[in-house]
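Only this structure's heavy atoms are used, side chains among them; waters, hydrogens and symmetry mates stay out. The chains referred to below are lettered A, B, ... by the order of the sequence lines, with proteins before strands, and numbering in each begins at 1.
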There are 2 protein chains.
Amino acid sequence: MRPTRQRRAVSEALSAFDDFRSAQQIHDLLCSRDDKVGLATVYRTLSALADAGEVDVLRNEDGESLYRRCSATHHHHLVCRACGATVEVEGPAVERWTRAIAREHGYAQVSHELEIFGTCPACLGSHDVPHDGPHDRADG
Amino acid sequence: MRPTRQRRAVSEALSAFDDFRSAQQIHDLLCSRDDKVGLATVYRTLSALADAGEVDVLRNEDGESLYRRCSATHHHHLVCRACGATVEVEGPAVERWTRAIAREHGYAQVSHELEIFGTCPACLGSHDVPHDGPHDRADG
DNA sequence: TCCCGATTTGAGAACCGTTCTCGAAAGGGT
DNA sequence: ACCCTTTCGAGAACGGTTCTCAAATCGGGA
Ligand SMILES: [Zn+2]
Ligand SMILES: [Zn+2]
Ligand SMILES: [Zn+2]
Ligand SMILES: [Zn+2]
């Protein structure tokens with residue numbers, strides 16, 4: 001995979017966010033910076049990064065794919081519904097439990113998806129709960 | 001909510017499946033039975049049932065919504081990737097863990113999503129793995 | 001039973017995130 | 001510079017879902 005200007009731009013844009021962002025949001029950020037990158041290229045690059053395990057993907061309630069640069073080890077997410085603030089969490093017991101459940105029912109090639117949603121401390125404190133962006137995170 | 005012929009048909013169609021099915025699959029089943037129900041009505045009825053907590057919803061990897069009549073208590077699913085065979089599973093320890101993690105980070109109004117995917121015993125045994133339907137489940 | 005307002009239906013259009021198309025542009029090895 | 005492959009990108013296409021709105025249906029009261 002060639003490190004083209006476009007791919008570098010998408011990858012750097014991802015790093016500018018601490019929370020999960022959609023392909024279109026990333027494209028918008030690049031546009032506002034006058035980085036000319038086609039939307040199709042943003043989609044292609046994000047898919048490639050996800051396939052390579054360099055970013056995590058999760059679907060929001062609208063079915064939209066959201067991307068985030070995460071640590072390399074297996075983990076799950078605690079995500080604020082209001083602002084998107086994300087915490088990576090690990091639970092060895094949960095990992096064991098899912099494997100045990102699958103074995104118990106004879107299922108093989110097991111994987112799992114686990115996300116925790118809630119309202120983060122910042123959003124709990126603020127009187128008007130935001131719905132369109134993070135509180136104090138870089139986004140451009 | 002009026003118990004119309006259409007809503008009854010959708011509800012009964014759901015009961016004919018043991019695994020998760022899409023709105024379009026349910027619509028197809030009704031058509032093949034000469035139950036005249038519009039696709040929009042199928043979507044509306046499934047949404048209403050999901051809102052009422054009468055059916056569980058999960059999104060497949062394509063972002064499609066799948067529906068299943070489940071038990072009323074909180075549970076998760078062990079789903080076969082190949083044929084869709086579904087087992088309801090419960091894990092009190094996981095429930096405790098998610099609450100603890102959320103509290104630890106100060107998140108409130110916590111919910112979570114957890115699905116386990118794998119290959120069921122029947123699909124492991126069969127030589128040509130099916131990709132379009134369950135093994136020996138009612139679907140008509 | 002008949003009437004009437006409220007609810008429900010459904011064919012098709014609209015919506016929207018995503019993927020595909022394919023000719024143009026860019027890159028790298030020689 | 002040349003060639004061949006990869007990548008790009010504007011716009012079309014795709015597919016699941018939702019919306020539109022006129023027609024059908026329902027339920028309750030007269
Ligand atoms: Zn992650
Ligand atoms: Zn895990
Ligand atoms: Zn269920
Ligand atoms: Zn649970």
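- For the atom pair H27(B) NE2 and Y43(B) OH, the distance stands at 10.0 Å (nearest 0.5 Å).
- Rounding to the nearest 0.5 angstrom, the gap separating the CD1 atom in I101(B) from the CD atom in E90(A) is 9.5 Å.
- Between Q24(B) and dG16(D) there is a side-chain polar atom (N or O) within less than 4.0 angstrom of OP1 or OP2.
- Look at NE2 on H27(B): it is 17 Å from P on dG15(D), rounded to the nearest Å.
- Under the 6.0 Å cut-off for aromatic ring centres, H112(A) and H77(B) do not qualify, their centroids lying 6.0 Å or more apart.
- Within residues 48-67 of chain A, the residues having any heavy atom under 4.0 Å from DNA chain C are, by residue number, E64(A), S65(A).
- Between the side chain of R59(B) and the backbone N or O of E61(A) there is at least one donor-acceptor pair closer than 3.5 Å.
- No donor-acceptor contact under 3.5 angstrom links the side chains of T45(B) and Q6(B), judged on distance only.
- Contact between the side-chain N/O atoms of Q6(A) and the OP1/OP2 oxygens of dG9(D) is found at a separation under 4.0 Å.
- At a cut-off of 3.5 Å, with distance as the only test, no side-chain donor of H76(B) or E88(B) sits close to an acceptor on the other residue.
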Please list, for nucleotides 23-30 of chain C, all pairs of protein and nucleotide N/O atoms separated by less than 3.5 Å.
residue, atom, partner, partner atom, Å
dG27(C), O4', R2(A), NH1, 3.4

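- For the atom pair CG of D35(A) and CZ of R8(A), the computed distance is 10.5 Å after rounding to the nearest 0.5 Å.
- Near DNA chain D, meaning a heavy atom under 4.0 Å from it, residues 39-47 of chain A has A40(A), T41(A), R44(A) in order of number.
- If you check the side chains of S11(B) and R69(B), you find a donor sitting under 3.5 Å from an acceptor.
- Minimum heavy-atom separation, A13(A) to I26(A): CB-CG2, 3.9 Å.
- Taking atom CG on L30(A) and atom P on dC8(D), their separation rounds to 13 Å, with Å as the unit.
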Start with the C-alpha gap between S111(A) and R81(B), add the side-chain angles, then the distance that decides, and say whether side chain to side chain donor-acceptor pair (under 3.5 Å) holds. CA-CA 10 Å; S111(A) 66; R81(B) 275 189 217 93; 3.0 Å; yes
